[in-house]
Every structure is written in structure tokens, then in C-alpha cells.
Amino acid sequence: MKASNTLWKEQLTGKMPEHLAREIDSFETDIALRKQGKIDERVFAETRLRRGAYGQRYDNGQRNDGQKIQQLKYPSGDLTKGPNTMWDAPGMQRIKIPAGGVNAAQLETLAELAEEYSDGIAHITTRQDVQLHYIQIDDTPTIMRRLAAVNITSREACGNSVRNITACPYAGVCRDETFDVSPYALAMAKFLMGHPDTQNFGRKFKPAFSGCAQNACGLTSLHDVGFIAAKRTNEQTGAEELGFQMYVGGGLGAVPYYAKLFDSFVPVEEAMPLTQAVGRVFARLGEKKNRSRARLKFLVQDLGIEKFKQLVLEERKVLPYDERWTSLIKDAVKAQETPLRLSGIWPAADSEDFKQWLKSNTRPQKQAGYVTVTVTLPLGDITANQLRALADIARQYTRETVRTTVEQNIVIRWVSLADLPALYAALKAVQLNAPGAGALVDIVTCPGTDTCKLGISSSRGLAGELRDRVLAEKFSQDEAVQKLHIKISGCFNSCGQHHISDLGFYGVSRKVGGFAVPHFQVVLGGEWENNAGTYGVPVAAVPSKNIPQVITRLTEKYVAERQTDETFKDFVKRLGKVQLKAMLEDLTKPPANDRSFFSDWGDPRTYGLGDMGTGECAGEVITPVDFGLAAAERELFDAQVSFEKGDPTLAGNQAYHSMLLGAQALVKSEKLGVSDDPAEIIAEFRARFYDTQRFWDPFAGGKFANYLFDAHTNLGKPFTEESSRLLMDEAQLFIDAAHSCSTKLGSLVTV
Amino acid sequence: MIELQHISVKLLLKEQEGIDLAALVPVFHGWIQNQVFDELLIDVADYRHVPDGPGVMVIGNEADYSVDNTDGRLGVRYHRKSVLNSSNQDRLRQAVKSAFTACLRLEEDPALTSKLRFNGRDIEIVINDRLLVPNNSETRQAIEPEIRVLGDRLFGAGNYELSWDTEPRRMSGAKLKASKVLSAGELLKKV
Ligand code: HEM
Ligand code: SF4
């Protein structure tokens with residue numbers, strides 16, 4: 001804990017917005033009360049989460065150090081900041097950046113905080129936020145005060161609340177947009193923050209804004225509420241009206257849902273009241289107990305979009321009028337950005353580096369003579385010195401018009417073409433001039449096993465390795481390949497947005513020869529464009545160390561066999577899952593006697609040591625469970641093939657059956673003679689693995705087992721294309737969980 | 001009197017190029033396995049992908065250890081996080097001692113093929129708290145005597161140059177440059 005914490009409070013009194021100052025004082029009181037044991041640990045956990053103070057890996061006081069489970073004896077002893085979460089353990093602080101907008105003073109403050117309280121790095125997230133890692137909870141009130149002094153809050157950055165409101169980083173300067181959504185996004189952020197109608201959600205709620213339907217920037221299809229700018233002509237007056245296509249109920253997570261169209265045109269001033277009404281319906285009817293079905297997407301799915309819409313409109317009718325619905329917009333619209341410097345013309349590129357960077361990292365604005373510059377950040381990381389340099393650049397060349405992006409980069413808007421050579425030189429001086437924005441090298445990744453408690457495989461380790469290989473030109477230099485997107489999540493929760501990239505990966509573990517091996521599920525053909533128009537399909541689980549080869553193989557085949565103008569997504573679709581899987585088949589097993597496969601990228605510790613025994617990897621130990629799980633995988637594979645052939649009904653039934661086979665495999669580990677009767681399998685599975693919680697995921701709880709139980713209950717109901725796709729995704733997760741369960745049971749699985 | 005807390009000490013390495021920081025990752029995991037220092041060591045953070053960044057770190061509860069490349073200067077760094085209740089001199093010595101101890105350990109680690117070595121002359125001291133020690137000429141004047149006591153002790157009075165980082169947005173930091181080369185082992189004995 002910092003010696004200066006109490007001094008900061010005095011120093012900043014009167015320099016923070018009143019409401020934020022009060023909030024932080026009350027949080028500090030909660031900290032004191034928790035230390036005195038007067039607040040329950042669960043209550044305190046939600047309290048800190050709603051202020052963006054998240055737990056981090058190893059905060060339960062244990063760590064597999066590669067040889068043994070080590071007890072980490074934090075000096076705070078038994079004091080906890082949440083269930084099983086030790087007080088002094090390092091945590092993460094998420095900082096909300098509405099629409100990604102940051103000014104120079106804010107960049108400087110982030111730099112200071114990264115140096116003084118974290119490890120020197122600020123990390124840009126996949127939702128335009130900033131995260132600091134290895135933070136001590138006792139320092140968080142000071143961090144929050146220093147942020148509040150530059151008008152930033154971490155309030156509702158985590159927890160069951162309205163999360164950061166994201167928007168295209170090019171809003172207002174984009175040549176494709178219908179109109180600038182920035183003021184509406186910022187007004188919405190102000191309106192919803194701490195709003196009484198958003199305080200009783202069962203789960204998080206994520207809004208997003210996009211200026212157009214065709215580009216990716218807003219990613220509205222994967223958000224709880226999404227607004228796409230739209231215009232129409234008033235039939236009576238002939239005047240042009242601004243509004244939004246409004247979407248609801250999208251979301252990634254284990255099983256991704258596309259948002260559904262709520263209304264093809266809502267006037268801009270209706271966006272806030274309608275979102276408020278959605279919030280009320282969600283608070284009233286959304287699931288509260290079962291966290292795995294608590295996102296809005298499930299409510300929309302269960303009610304159907306028509307019924308949901310009807311409820312929201314009824315709620316809208318009875319909302320008491322709030323003048324902020326219009327006043328916040330008026331204020332925000334007034335604060336329009338303008339350039340600092342006179343416009344210019346394209347400079348001559350005097351070096352190959354500069355030329356390449358101009359091509360990949362600048363985007364002409366709709367305002368002639370200006371571009372938006374992208375500063376590519378490796379793995380979303382930036383140092384304090386770089387942040388300060390960026391603040392200087394923002395002041396010198398623009399009116400501090402900087403935004404973070406969901407690709408974990410930073411953009412500088414309103415750069416005059418005439419200033420490009422000088423600005424490039426200034427970026428180069430702090431090594432922020434890497435080309436390749438939005439390209440293969442610009443890999444997006446969640447925190448994964450580095451710091452996330454839920455991480456299964458090392459997403460950042462893999463990202464670092466792949467980046468090195470792209471830079472060393474180990475992959476195809478074909479232009480179309482160099483434009484592909486790679487996105488990686490450390491587990492099924494999909495914080496790295498792997499569903500919406502050409503080459504997506506999420507961490508899973510598999511048992512090989514009785515030992516745990518880090519793997520990634522390869523998810524292919526997702527689409528980043530069209531506001532994340534298509535989600536990718538899982539093709540095969542491959543050991544982490546073979547993932548680079550997966551990329552080599554897939555991209556080489558694409559280059560060799562693509563048809564004229566065929567995108568990678570279309571190529572993946574044309575090949576189909578059967579061929580793709582066959583292509584990768586030999587990579588799905590680690591080579592015999594290669595011990596490197598038993599540890600993850602960038603992490604030399606033996607993976608999942610608890611299961612490793614003596615660590616010998618010779619000889620395959622095949623149990624009936626392994627055979628059974630392989631059968632389950634095959635059945636699911638067939639389901640996907642049926643789906644691709646246009647038979648969602650067969651696909652749905654096969655997906656259900658694949659889960660049944662997975663459950664049967666586990667039951668067989670203890671009761672060899674279990675029959676093929678679904679009712680018996682389910683009863684046995686429930687009694688042995690669900691009720692005993694042995695199948696439970698440490699964080700998702702019994703969620704994956706419920707997929708099977710629900711599918712069994714719904715048997716005989718007709719499948720739609722969507723319900724069948726969802727069930728297949730659920731089945732994949734169920735089977736992944738069965739693998740984990742079998743790994744966890746380890747030596748217990750004896751027959 | 002100005003209180004010096006959260007002191008960070010960086011010992012610049014002789015070889016600034018061609019060091020494979022990847023080799024540090026298993027070494028640092030080993031430090032955690034064996035809890036080799038007084039501080040509770042928790043995790044390894046790998047920032048090799050960040051140019052002129054924090055390098056590879058061992059995150060601890062009371063302090064972090066790292067081979068750091070901030071400002072493009074590679075060095076072994078000790079970074080005190082928790083408060084020490086003692087005199088400024090004691091706190092400076094504690095941080096310098098910890099940095100040299102870590103440096104020696106790295107110099108002697110067979111896995112690092114002895115490439116990682118203190119250059120014998122350059123020590124950078126940063127006070128990681130902008131409020132206790134703002135980076136202005138007043139504080140620099142006030143704390144210079146404290147830093148000199150330490151410098152004299154290590155190198156002998158008159159045998160080194162002391163310079164300050166004067167960019168006000170950066171943390172207060174002094175650079176000591178000795179006129180003759182001393183090994184990490186020799187300096188450790190003098191702390
Ligand atoms: C049950 C637990 C979790 C679920 C279901 C979950 C799910 C998600 C999803 C679906 C996204 C984002 C995609 C999007 O909406 O754009 C996301 C964002 C993110 N998640 Fe998680 N997540 C969980 C826990 C965690 C944890 C424990 C961490 C690590 C400390 C984490 C780190 C992140 C990050 C860094 C982002 C981008 C964040 C932002 O700024 O909002 N997540 N999460
Ligand atoms: S995807 Fe999984 S590992 Fe990655 S941050 Fe989210 S919860 Fe953690």
C-alpha cells in the first residue's frame with residue numbers, strides 16, 4: 001500500500017466532480033468496514049466490482065508453481081475481499097472509457113497510475129477500456145480519486161451493471177457513416193451511470209453504437225443493446241430525421257447470440273428512454289439465480305423478440321418524463337470536435353517504413369485534408385513513457401482527439417495530412433510506429449492465464465508467439481492472408497472475441513496419455529465486418545503448441561486453392577467442417593515424447609501439474625472415458641456436418657445425442673454397465689456428477705450440465721436454424737467440460 | 001523532512017544488446033518456487049513484446065524484481081511497493097541491497113550463460129511516489145544529500161557523478177555514474 005494514500009485525499013478534495021468524490025468516499029468506508037468484519041465478503045465483492053476492482057489469478061492464496069501447489073501467504077492473513085479472495089492479493093482495476101475517448105491529461109494520469117500502482121503498463125481492452133494489473137485493493141480509492149480529478153470513473157466497469165458504452169473510434173470522421181454517433185453514446189453513458197433502473201440486473205449489460213451497418217467498428221450484433229445510425233425523411237414535413245436501427249439481446253460468451261432487430265428506426269431522442277425501458281424489463285424478468293442464463297440474450301430468446309418488444313414498449317409508455325433524455329444529447333452535440341491544424345495534402349513518403357505505415361495505419365477522414373492515425377499496440381499494452389509521448393502528440397497536432405479501439409489500439413483523429421511526417425517521427429521516437437493496423441500481426445487477445453482467474457490456456461502467450469512469427473515472416477506473405485484477423489480467448493467466455501475473427505482460438509484443456517495438455521479450440525470463418533456479421537465455427541481442439549502450424553496450414557491452403565476474390569470466410573464455408581477437420585487431424589495430438597506440449601506458450605511450468613503424476617508422456621492410457629468422449633466429439637462433428645447440409649433438425653438431435661454420449665462416458669468411469677437409455681444416463685449423470693458438483697466448472701458452476709438437462713426436457717420440440725446452432729455450441733461446451741471433469745478426476749478414473 | 005518510500009533501483013547491464021530475455025522466464029519461475037527473497041513472490045509478468053518496456057518481471061507482494069528495459073536501458077530492477085518504517089538511508093540501502101542481491105543471482109545463474117552482468121558503473125534510483133517526492137528542483141535539492149550519502153558509501157566521495165531526471169512529469173530519479181568499475185559483489189558488500 002502506498003504511503004501517500006491519505007495525502008492524496010486531502011490533495012484532491014474539491015478537484016473531483018462532487019458525485020464521484022462521494023462515491024469514492026463511500027467505497028473507502030466500505031473498505032474500512034470490511035476490514036472490521038462489518039460487511040460480508042460477498043457484499044464487498046460486488047461493491048468493489050461495481051467500481052471496476054476485479055480479482056486476479058492466484059488471489060485465492062494458491063498457485064501451481066510448476067512443482068507443487070504453493071500456498072501464497074499474503075500478509076493480510078485471513079482477511080478476504082470476496083469469497084476465497086485474499087485481501088492483499090494483486091487485483092485488476094478496470095477503467096471505463098466511454099466511446100474510447102481520452103484527452104491528453106487523462107493519458108498522463110493513466111501513465112502515472114500505471115507506474116505508481118501497477119507494473120508500468122496500461123492495457124487496452126476489447127471494449128475500449130483501460131486495465132491496470134497487480135493492483136492492491138488498499139490503493140484503489142486513491143487510483144479512483146486521481147482518475148476522478150481528470151473526469152474518469154471506474155464506476156460500473158465490472159459487476160452486474162451497465163458496462164462501458166462502446167462506439168466506432170471513427171465516429172464523426174468516418175466517410176461511411178450515416179452520422180456521428182459519439183454524442184449519443186456519451187449522453188447514454190452519462191444517463192445510465194448509476195441510474196436507479198439499472199441497479200438490479202442479474203448480469204452485466206453492454207451497449208454499443210455504430211455509425212453504419214457495413215463496417216465492424218461498433219460490433220452492435222454482439223451487444224445487449226446496439227444502435228446503428230439511420231436516417232429517414234419525415235413524410236409530412238419532408239425534413240430529414242436522425243435515428244437508430246435498434247438491436248437487442250446479442251452477446252458473446254460461451255454460446256454467442258446475434259442481436260435481434262428491435263426496431264428499424266427509433267428517433268435519436270428515443271434511444272435513452274427505450275434503453276431505460278429495456279433495463280426495467282431486464283431487471284424485472286431477467287434471470288437472477290442462475291448466472292449462466294442471466295444475460296439479456298436469454299430473456300429475449302425465451303420471450304421471443306415480439307413479446308419482449310411489447311413489454312418494453314408498455315414500460316416505455318409508463319416511464320415518467322425525464323428532461324435528460326433530450327438535454328444530455330443537446331449538451332453532447334454542442335461539444336463537437338474540431339481540428340487544431342490547417343488541412344494539408346498527402347506528403348511524399350521518403351522511406352519504405354513510412355510508406356508502409358501510411359498505407360496500413362492512416363484512414364482518410366470525411367473532412368478533406370485530415371486522416372485518423374492508428375497507433376498499434378502489441379497485445380494492447382502501452383508504457384507510461386509512451387502514454388506521455390502520446391499526450392504530447394495529441395496536444396501538438398490535434399485538439400486532444402484520441403480514442404481507444406476494440407482492437408486494443410489507439411487512434412489519433414484529426415491529423416492534418418501536412419503533419420504526417422512529423423507525427424510519424426514523434427511516434428517512432430517512442431516506438432509507437434509499428435505498421436499493420438487491423439492486419440494479421442495486430443492480434444487481439446484477452447488476459448487469459450496471465451492474470452484472469454478463469455483462464456484455461458495462455459492466450460497472451462500464444463498471441464506473443466504468433467506475433468513474433470508474423471513479424472519474422474513465417475506465415476504466407478500473400479496480401480489477403482496478411483489482412484486476416486486473429487483473436488484469442490483464454491477460455492470459452494470469449495473476452496477476446498474469438499467468434500468474430502477469421503482465425504479464432506479459445507483455450508480448452510485435454511487429457512493426453514493421462515496428463516493435462518493446454519489446447520485451443522480452433523474457431524474458423526467468423527466475420528469482423530458488418531458489425532460482426534457471422535460467428536465462426538469450432539473445428540477442432542489442437543494442442544497450444546501446434547496452433548502456429550494450424551495457421552500455416554490453413555493459410556497456405558487458402559492461398560493455393562481460393563477462387564477468384566474468395567474471402568477466407570467463404571473459403572472456410574466452401575470447404576466445410578469435414579474437410580477442415582481432416583486437414584488438422586494429425587495436429588490434434590501432441591507428438592510422442594515431446595514434453596514441450598505439456599506446458600503453455602510463455603509459461604514453462606508443467607501445465608495442470610496436479611494431474612501429471614510423474615510426468616512421463618510415453619504410452620497412451622486409454623480408458624472407456626476417453627473412448628466415450630471421443631465418440632461424443634464425433635457425434636457433434638456429425639451434427640455440424642448435418643447443419644452444413646441444411647438439416648438443422650438432424651443436427652440438433654445429434655448435438656443432444658453427443659452430450660448424452662459425453663455424460664455416458666463419465667458415468668462409465670464409475671459404472672461400466674450403464675445402458676444406452678437416455679433416462680438412465682441422465683439420472684446416473686445427475687446423481688454422480690451434477691449433484692456432487694464434480695462436473696461443475698469452478699466459475700460457471702453447473703451451467704454446462706444444464707445444457708444437457710434442458711435439451712433432454714425439450715426433446716421433440718422442433719429445431720430452427722438458430723436453436724440448432726446454439727445447441728451445437730452448447731454441446732461443444734458440454735464436451736469440453738466433460739474433458740475437464742475427466743482430467744480433474746485424474747487417477748480416480750479407474751475401471 | 002521528505003520521506004523516501006517506494007524506492008526503485010535499477011542496475012544497468014554491461015551488454016545492452018543481444019540478451020535473450022525469454023531465458024529469464026523459467027529463472028523467475030524458479031525464484032517463486034523457492035521463494036528466494038524476503039518478499040512474497042507471486043507471479044511472472046512477461047512484457048518482452050513491449051519496446052522499451054518493463055521487460056520480464058517477478059511480481060511480489062512487497063516488491064517487484066525485473067530485468068527492465070524502460071528508456072531503452074536494460075537493467076536489473078528492484079521496485080519497492082510496500083512501506084518501510086525506518087530512516088530514508090535505511091530504505092535506500094534496503095532497495096540497493098535487494099537490487100544487487102538479485103543481480104548477483106542472475107549473474108551466477110547457469111541458465112543465463114553469464115551474459116547478464118552489471119556494467120559496474122550505472123545505478124538509477126527512482127522514488128516512485130509523485131506526491132511525497134514531486135519532481136521539482138526543491139525536492140531534488142532536499143533529497144540530494146541523502147542520495148550522496150549512499151553514493152559516497154558505494155563508490156567513495158568524488159568517485160561518481162550524480163544527475164537528475166528533470167522532466168517534471170516523470171518521477172524523481174537520480175542517476176549515479178561511477179568513474180571506475182566495481183562488480184555487483186563488491187558493491188553489495190559496501191551497502
Ligand atoms: C464468467 C465470467 C466472464 C464472462 C462470461 C466474460 C465474458 C466476457 C465477454 C463476452 C466479453 C466481451 C466481448 C464483448 O462483449 O465485447 C468480455 C470482455 C472482457 N473480459 Fe470477460 N468475462 C468473464 C470474466 C472475465 C474475467 C475474470 C476477466 C479477467 C480478469 C475478464 C476480462 C475481460 C476483458 C479484459 C474484457 C474486455 C473488457 C471490457 O473492457 O469490458 N473477463 N468478457
Ligand atoms: S476469455 Fe476466459 S481467460 Fe480470457 S479473460 Fe475471459 S474469462 Fe478470462
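Lettering of chains follows the sequences in order, A, B, ..., and the numbering in each one begins at 1.
- Looking only at heavy-atom pairs under 4.5 Å with chain B, the residue among Asp468(A), Asn385(A), Leu72(A) that has the most is Asn385(A).
- Using a 4.5 Å cut-off on side-chain heavy atoms (C-beta onward), Glu116(A) and His6(B) make no contact.
- For residues 2-15 of chain A, heavy-atom neighbours of chain B at less than 4.5 Å comprise Lys2(A), Ala3(A), Ser4(A), Leu7(A), Trp8(A), Gln11(A), sorted by residue number.
- At a heavy-atom separation below 4.5 angstrom, chain A is approached by Thr70(B), Asp71(B) within residues 69-78 of chain B.
- No more than 12 heavy atoms of other residues, nucleotides or ligands shown are found within 6.0 angstrom of CD on Glu161(B).
- No side-chain donor from either of Gln56(A) and Asp43(B) sits under 3.5 Å from a side-chain acceptor of the other.
- One finds the OG atom of Ser82(B) at 11.5 Å from the CG atom of Asp138(A) (value rounded to the nearest 0.5 Å).
- The choice from Ile121(A), Leu432(A), Asp88(A) that makes the most heavy-atom pairs within less than 4.5 Å of chain B is Ile121(A).
- The residue among Leu41(B), Asn128(B), Asp64(B), Val83(B) with the most heavy atom pairs within less than 4.5 Å of chain A is Asn128(B).
- One side chain, Asp119(A) or Tyr47(B), offers a donor N or O that lies under 3.5 Å from an acceptor on the other.
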Side chain to side chain contact (heavy atoms under 4.5 Å, CB included) between Gln35(B) and Gln70(A), intermediate numbers included: CA-CA 10 Å; Gln35(B) 291 292 333; Gln70(A) 195 174 100; 2.7 Å; yes

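- Classification of Arg169(B) and Asp392(A) as a salt-bridged pair holds, one side-chain N sitting under 4.0 Å from a carboxylate O.
- Contact of His49(B) with chain A is made through backbone and side chain together, with heavy-atom distances under 4.5 Å.
- The contact between Ile32(B) and chain A is made by backbone and side chain atoms together, counting heavy-atom distances below 4.5 Å.
- Between atom OH of residue Tyr134(A) and atom CE of residue Met57(B) there is a gap of 8.5 Å, rounded to the nearest 0.5 Å.
- Counting all heavy atoms, side chain and backbone alike, Pro51(B) lies closest to Gln431(A) at CB-OE1, 3.2 Å.
- Heavy atoms closer than 4.5 Å to chain B are found in both the backbone and the side chain of Glu112(A).
- When heavy atoms are compared at a cutoff of 4.5 Å, Arg57(A) does not approach chain B at all.
- From Met1(A), atom CE reaches atom CD of Glu62(B) across 13.0 Å, with rounding to the nearest 0.5 Å.
- Interface summary for chain A: among Leu132(B), Asp46(B), Ile59(B), the most heavy-atom pairs under 4.5 angstrom belong to Ile59(B).
- In terms of heavy-atom proximity, Gly53(B) sits nearest to Thr383(A) at CA-CG2, 3.8 Å.
- Residue Gln33(B) touches chain A through both its backbone and its side chain, counting heavy-atom pairs closer than 4.5 Å.
- Between chain B and the residues Pro378(A), Gly461(A), Ala111(A), the largest count of heavy-atom pairs under 4.5 Å involves Pro378(A).
- With a 4.5 angstrom heavy-atom cutoff, Tyr117(A) does not touch chain B via any of its atoms.
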Test log, rule side chain to side chain contact (heavy atoms under 4.5 Å, CB included), inputs Glu115(A) and Arg130(B): CA-CA 10 Å; Glu115(A) 279 173 333; Arg130(B) 286 185 167 78; 2.6 Å; yes

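- One finds no salt bridge joining Arg388(A) and Glu167(B) here, because no Lys/Arg side-chain nitrogen approaches an Asp/Glu carboxylate oxygen to under 4.0 Å.
- Proximity to chain B (any heavy atom under 4.5 Å) is restricted, for Asp450(A), to the backbone atoms N, CA, C and O.
- Of all residues in residues 179-191 of chain B, none places a non-hydrogen atom less than 4.5 angstrom from a non-hydrogen atom of chain A.
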Considering only distance and modelled atom types, tabulate donor-acceptor pairs under 3.5 Å from the side chains of residues 17-31 of chain B, sequence neighbours left out.
{"from": "Asp20(B)", "atom 1": "OD1", "to": "Ala22(B)", "atom 2": "N", "distance (Å)": "3.1"}
{"from": "His29(B)", "atom 1": "ND1", "to": "Arg63(A)", "atom 2": "NH2", "distance (Å)": "3.3"}

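- With a 4.5 Å cut-off on non-hydrogen atoms, Leu40(B) touches chain A through its side chain but not through its backbone.
- Side-chain contact check for Val430(A) versus Asp52(B): every heavy-atom pair is 4.5 Å or farther apart.
- Within 6.0 Å of CD in Gln71(A) there are more than 12 heavy atoms belonging to other residues, nucleotides or ligands.
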